[in-house]
Amino acid sequence: MSQNRMTRRRLLALSGAAGISGLAGCADRLESVTDRDSSDSSNGNASDSDGETAAALADGVPPLETEYNSREQYRQPGDSFDDFSDLEGWEVVQGSGEADTDVVFDGDQSFKLESNGEERIIAERSLEGEDLTGLDLSFAVRTTTPQNITINVWLFDRFGSRKVYSLREITYRSPDVGWFRSSPGVFEQSQYEPSMDNLETLQIEVRHDMDEAKVWFDDLRTHEKPDQGYVMLSWDDGNRDYYDIASPLHDEYGFRTVQAPVPSWTEQGRDGIMSVSELQERQEAGDQIVVHGTHTPIHEYDEGAEMESRLRFDKQWYIDNEFEGADYIVYPHNSYNKTSLEYKTDYHYCGGFNQAGDVNTTSVYGFDPLALPRTIGNDLETSKRCVDLAAAHNQCTILNFHTFESHNTMPEDDYEALLEHIDDADVEVITFDDLWEMRTAQHY
């Protein structure tokens with residue numbers, strides 16, 4: 001397996017996949033991105049002779065700093081569907097909504113929706129027979145009331161059949177909030193799939209259980225679907241439970257996983273935590289070791305300089321120990337905010353997460369590089385449903401685990417049943433490298 005992984009890396013390097021591209025944090029902006037000169041070479045963007053930006057996949061251990069800002073480079077993937085410059089076609093069915101020219105992701109205005117004491121906000125527009133066959137959706141979103149909030153995008157045909165794409169949780173920490181792109185996967189659909197070549201209505205729904213909710217939407221876009229579904233198995237903290245119990249099962253099925261150890265726990269030789277040599281052994285077996293870093297939630301840092309120092313120090317540990325997945329990051333406690341995202345782009349290309357206990361999947365070509373969704377792997381049936389939806393709708397599910405003794409991880413027997421289910425499903429088990437290669441393949 002190790003030989004296959006290294007061969008793939010060499011092929012990527014030879015084909016020019018380890019190139020440079022660029023991306024800046026999706027923050028509140030009063031100006032349009034079109035006002036900036038995208039041809040300025042000082043912005044860190046790098047293009048090939050055809051003007052297409054190449055993906056940056058490290059061949060071996062990556063450098064400390066990134067070659068480009070991935071959130072800026074890949075901020076507007078696919079094709080524009082609705083830029084919200086004209087809201088006449090939109091009807092706010094529940095709650096209130098208006099154009100906002102001060103808080104904008106792109107263009108002249110965004111669509112601001114607010115609750116009015118009820119637990120749902122609903123806005124909809126006619127699609128007039130629009131054909132979205134073979135396409136996924138993404139949108140820029142900002143909320144000053146994250147947590148305990150779900151964002152749904154519904155598609156209806158004229159017969160009432162429907163499909164809903166759902167972001168189940170937002171772990172962006174307030175009050176330091178900004179824009180991010182979401183490209184949620186299908187959560188469920190009616191018994192009869194809607195006629196995707198003749199759709200009647202698109203509906204945005206915000207569900208919450210707070211006193212109020214405020215959400216801004218902008219830049220709704222469409223993306224191609226991949227040819228199949230994908231599963232990422234993500235294990236946090238570097239627990240020895242993984243090494244002793246889970247990894248032999250993965251090897252039996254030929255599955256590679258993503259591991260995010262905590263450097264201080266590893267260096268301390270903490271009981272129940274894998275050693276550096278054991279992590280390196282798993283890397284050689286095909287697993288990808290990515291950054292988890294200091295376990296304090298990063299939004300608790302008061303100064304940006306402290307965040308920057310922490311991110312730099314953390315990534316250096318992975319580089320020093322020759323972990324090739326150091327360009328990717330898993331946020332401790334799923335914590336992030338606007339300031340931390342601005343610094344994370346200096347050291348990492350892809351990561352997250354907005355984590356939920358329910359099905360919380362993503363499309364492959366439209367997600368924000370540093371705000372991916374993930375599902376807690378504590379329940380077998382929920383995890384199997386994630387896999388089934390990934391297979392049925394050609395989307396990606398990222399399932400998270402820690403240790404079999406923890407409440408946030410299913411028991412060992414259930415986990416083995418999950419791996420068997422994945423093996424029987426029409427999905428491919430992938431790592432961050434695989435997902436990032438797809439996301440950057442002409443889908444920026």
Side-chain angles (χ1 to χ4, degrees), residues 25-28 71 75 95 97 100 103-105 110-115 118-123 136-154 164-187 203-221 234 297-300 329-342 344 350-363 366-376 382 386 395-400 408:
C26 294
D28 302 348
R71 297 189 73 232
R75 71 190 304 274
D100 191 329
V103 180
V104 177
F105 178 80
S110 64
F111 192 13
K112 180 182 178 182
L113 296 174
E114 295 185 70
S115 63
E118 299 184 3
E119 293 184 348
R120 291 203 302 168
I121 309 169
I122 299 175
D136 286 314
L137 301 168
S138 76
F139 49 87
V141 61
R142 175 189 185 271
T143 176
T144 54
T145 55
Q147 302 279 14
N148 305 316
I149 194 169
T150 293
I151 295 176
N152 294 324
V153 176
W154 293 83
V164 59
Y165 303 80
S166 187
L167 173 64
R168 307 300 295 181
E169 185 86 9
I170 298 175
T171 59
Y172 215 126
R173 309 299 187 183
S174 60
D176 185 23
V177 299
W179 292 97
F180 70 96
R181 179 166 294 281
S182 179
S183 187
V186 175
F187 182 77
Q203 183 184 94
I204 294 175
E205 176 192 33
V206 178
R207 296 190 180 191
H208 67 97
D209 59 4
M210 301 171 286
D211 292 337
E212 65 170 0
K214 293 183 180 180
V215 184
W216 288 256
F217 290 90
D218 204 349
D219 198 32
L220 179 64
R221 306 181 74 85
S234 175
I298 199 165
H299 77 280
E300 295 180 1
I329 184 169
V330 170
Y331 307 153
H333 303 277
N334 301 289
S335 160
Y336 69 101
N337 58 11
K338 177 183 172 183
T339 302
S340 68
L341 287 178
E342 291 170 354
K344 282 170 181 172
C350 188
F353 296 90
N354 287 307
Q355 180 159 291
D358 207 339
V359 174
N360 196 35
T361 62
T362 182
S363 79
F367 60 83
D368 187 311
L370 286 169
L372 275 160
R374 186 168 70 167
T375 302
I376 301 170
T382 299
C386 287
Q395 57 201 36
C396 179
T397 180
I398 304 173
L399 300 173
N400 179 229
N408 56 18

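In this chain, residues are counted from 1 in sequence order.
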* To do: Given side chain to side chain contact (heavy atoms under 4.5 Å, CB included), test His299 with Tyr172 step by step and report yes or no.
  => CA-CA 9 Å; His299 77 280; Tyr172 215 126; over 6 Å; no
* **Where Met210 and Pro146 come nearest, the two heavy atoms and their spacing** => SD-O, 3.9 Å
* **side chain to side chain contact (heavy atoms under 4.5 Å, CB included) partners for Asp358, two or more places apart** => Arg168, Phe187, Thr382, Arg385
* To do: Could you tell me which residues satisfy side chain to side chain contact (heavy atoms under 4.5 Å, CB included) with Thr144, sequence neighbours excluded, listed by chain and number?
  => Arg142, Val177, Lys214, Trp216
* For Thr362 and Phe367, indicate whether the former's side chain and the latter's backbone hold a donor-acceptor pair under 3.5 Å. => no
* Asked: Less than 4.5 Å apart, any side-chain heavy atom of Val206 and any of Phe217?
  -> yes
* To do: Apply side chain to side chain contact (heavy atoms under 4.5 Å, CB included) to Tyr165 and Ser363, showing your working.
  => CA-CA 10 Å; Tyr165 303 80; Ser363 79; over 6 Å; no
* How close do Gly366 and Arg181 get, heavy atom to heavy atom, and via which atoms? -> O-CD, 3.1 Å
* Kindly indicate whether the side chain of Thr150, heavy atoms from C-beta on, has any atom under 4.5 Å from the side chain of Ser166. => yes
* With Gln395 via side chain to side chain contact (heavy atoms under 4.5 Å, CB included) - residues at least two apart -> Val186, Thr361, Leu389, Ala390, His393
* Is there side-chain contact between Gln355 and Asn400, with at least one heavy-atom pair below 4.5 Å? -> yes
* Is the CD atom of Glu119 crowded by more than 12 outside heavy atoms at less than 6.0 Å? -> no
* Asked: Tell me, do Tyr331 and Ser340 make a side-chain contact under 4.5 Å, heavy atoms counted?
  -> no
* To do: Taking the side chain as every heavy atom from C-beta outward, state whether Ser182 and Ile151 have any atom pair closer than 4.5 Å.
  => no
* Checking side chain to side chain contact (heavy atoms under 4.5 Å, CB included) for the pair Arg374/Asn334: CA distance, chi angles, key distance, verdict? -> CA-CA 10 Å; Arg374 186 168 70 167; Asn334 301 289; 3.4 Å; yes
* Among Ile149, Asn152, Asn360, find the one that has a side-chain contact (heavy atoms from CB on, under 4.5 Å) with Leu167. => Asn360
* Asked: So does Arg75 pair up with Asp219, basic N to acidic O under 4.0 Å?
  -> no
